[in-house]
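Take a look at the structure below.
Just so it is clear: chains get the letters A, B, ... in the order the sequence lines come, proteins before strands, and each one is counted from 1.
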Number of protein chains: 2
Amino acid sequence: MKEHDNLKQHILKHVSFTDDELDEFCQSFKLLKVKKRQFIVQPGFVARHRYYVVQGSFRAYVIGDEGQEHTVQFAVDDWWISDYNSYIFQQPASMFLMALEDSIILQIDYEAEQKLKQGRHVFESYFRILAENTAAYMARRVIINLTKTAEQRYAIFLEGYPDIVGKVPQYALASFLGMTTEYLSKLRKKRVFRKS
Amino acid sequence: MKEHDNLKQHILKHVSFTDDELDEFCQSFKLLKVKKRQFIVQPGFVARHRYYVVQGSFRAYVIGDEGQEHTVQFAVDDWWISDYNSYIFQQPASMFLMALEDSIILQIDYEAEQKLKQGRHVFESYFRILAENTAAYMARRVIINLTKTAEQRYAIFLEGYPDIVGKVPQYALASFLGMTTEYLSKLRKKRVFRKS
DNA sequence: AACCAGTTCAAGAAAAAAGGTTGAACCAGA
DNA sequence: TCTGGTTCAACCTTTTTTCTTGAACTGGTT
């Protein structure tokens with residue numbers, strides 16, 4: 001059960017669970033291995049799970065009207081991900097959620113999560129904190145996208161998530177930051193960003 | 001609608017439909033283009049469709065306990081395919097069903113199929129025949145796998161489906177025939193199989 | 001009118017992955 | 001102790017994916 005330890009660490013960063021609570025909580029999670037390029041959420045299907053990435057990386061994206069892919073979210077080790085609009089409301093998803101490499105995840109299904117939340121106050125708190133963090137993060141993203149230039153957006157991302165920049169394909173990052181892959185390529189050549 | 005003609009031909013090989021029946025039947029099918037390596041069925045998701053391959057090729061496989069891929073079925077032009085355990089019982093799939101090349105397929109969804117079958121006797125017959133053929137084919141496969149040597153299995157397949165052998169990757173064929181890719185590679189070098 | 005931030009398009013280069021082959025060593029059953 | 005096969009590791013070839021570059025263009029500033 002060593003994979004569950006990562007999750008336990010993550011939990012303890014945010015709230016205090018007793019050992020028993022940690023175990024009870026973790027029992028609702030199923031370990032899953034997914035291969036590169038495999039989808040764990042697809043448009044049209046309800047996202048039945050929320051995922052904690054033990055190891056690997058994922059990318060959530062939507063397809064625009066002209067067929068362009070827009071990356072909505074990344075997730076790497078120790079991150080949570082799902083199509084929240086689908087998961088929370090149990091409606092058909094609009095996103096693709098795809099593994100960028102062979103990965104190991106822990107998944108909890110919707111019903112189990114409801115049961116946990118109803119069961120104990122601390123469990124409820126943990127999910128509340130997850131949701132608040134996500135909401136706050138999304139709000140920051142919206143603001144950045146509205147107010148910053150492409151170059152600034154890249155700089156901010158680079159500073160905040162240097163590990164991710166190295167891990168995900170550049171076209172995915174470009175579409176996350178709202179610019180073309182060519183332009184990002186050119187940005188990265190600028191002396192400012194050359195880290196040699 | 002020329003793609004539907006292939007399907008019509010296929011139908012008429014097995015049963016007699018009037019032109020009206022053919023049209024009514026075909027209206028339940030949606031034309032779909034899928035790109036190489038794209039999945040049309042994935043473990044965890046219910047297979048909501050049955051697929052008729054107009055043009056292209058597919059491979060259905062499962063992942064064994066140690067991560068090995070076992071090819072369960074191929075489908076090329078004019079073949080039907082799905083994860084039948086998932087489709088028929090509308091349960092989450094256990095297979096990957098992936099395009100081996102850019103392909104064109106016709107898909108019918110579960111509900112539409114039920115409606116067709118309830119609607120007319122001849123439609124019911126056609127699906128019955130499809131099912132019987134699949135059952136019989138699977139039975140033959142099981143027997144061959146139990147009673148023949150690797151070399152014989154390859155020989156039998158080569159005779160029965162020479163076109164497929166040329167079309168699918170060798171590792172997929174090896175895993176279909178229940179042998180390692182290395183061994184198949186060695187078998188193919190034997191004079192018996194060299195067709196030069 | 002020229003400038004800036006950024007896009008589109010096309011061509012190519014570079015890097016990574018997929019697919020296939022080979023040989024050596026091993027193993028289990030007839 | 002054969003035979004029919006597997007495993008493992010290395011290696012090669014081909015295909016695909018990803019990134020880069022340059023040139024030409026756009027729309028809104030100055």
- Message: Any salt bridge linking B:Asp19 with B:Lys8? Criterion: basic side-chain nitrogen under 4.0 Å from a carboxylate oxygen.
- Response: no
- Query: B:Leu184 has an atom CG; how far is it from atom P of D:dG5, in whole Å?
  - Reply: 12 Å
- Straight-line distance of A:Lys167 NZ to A:Phe74 CZ, nearest 0.5 Å: 12.0 Å
- Query: Within 45° of the axis and under 6.0 Å from the centre of the six-membered ring of A:Phe123, does NZ or CZ of A:Lys117 qualify?
  - Reply: no
- Message: Five pairs per end, C1' atoms only: what is the angle between the end axes of the helix from C:dA1-D:dT30 to C:dA30-D:dT1, to 10 degrees?
- Response: 20°
- Quick one: pull up OH in A:Tyr137 and CD in A:Gln73 and give me the separation to the nearest 0.5 Å. 7.0 Å
- Message: Does this structure show an ion pair linking A:Lys190 with A:Glu151, if we count only N-O contacts that are shorter than 4.0 Å?
- Response: yes
- Message: Can you measure B:Glu151 atom CD to D:dT3 atom P for me and round it to whole angstrom units?
- Response: 13 Å
- Message: Between A:Phe17 and A:Phe25, is the ring pair (Phe, Tyr, Trp, His ring centres under 6.0 Å) condition met? List the steps.
- Response: CA-CA 9 Å; A:Phe17 278 18; A:Phe25 191 88; 5.5 Å; yes
- In whole Å, what is the span from the NZ atom of A:Lys35 to the P atom of C:dA17? 12 Å
- Query: Are side-chain heavy atoms of A:Val34 and A:Asp102 found at a separation under 4.5 Å?
  - Reply: no
- Specify the separation, in whole Å, of atom CG of B:Asp102 and atom P of D:dT15. 15 Å
- Query: Counting distance only, does the side-chain N/O of B:Ser103 pair as donor-acceptor with the main-chain N or O of B:Glu101 below 3.5 Å?
  - Reply: yes
- Message: Protein within reach of the bases, or only the backbone? For nucleotides 18-30 of chain C, mark each nucleotide 5' to 3' as B, S or -, using heavy atoms under 4.0 Å.
- Response: SSSBBBB------
- Task: Can you tell me the distance, in whole Å, between the NZ atom of A:Lys190 and the C1' atom of C:dG6?
- Result: 11 Å
- Message: Distance check, rounded to the nearest 0.5 Å: A:Tyr84 atom OH versus A:Arg50 atom CZ?
- Response: 5.0 Å
- Query: Can A:Arg48 and A:Glu111 be counted as an ion pair, charged N to O under 4.0 angstrom?
  - Reply: no
- Message: Can you measure A:Leu187 atom CG to D:dT20 atom C1' for me and round it to whole angstrom units?
- Response: 13 Å
- Message: Under 4.0 Å, heavy atoms only, any strand: does A:Thr180 hit a base, just the sugar-phosphate, or nothing?
- Response: base
- Message: Please report the distance, rounded to the nearest Å, between OH in A:Tyr154 and C1' in C:dG6.
- Response: 17 Å
- Separation of A:Met179 atom CE from C:dA5 atom P, in whole Å? 13 Å
- Query: Going from CZ on A:Arg153 to CG on A:Leu187, what distance comes out if it is rounded to the nearest 0.5 angstrom?
  - Reply: 9.5 Å
- Ordered by number, residues from residues 60-76 of chain B within less than 4.0 Å of DNA chain C (heavy atoms) are none
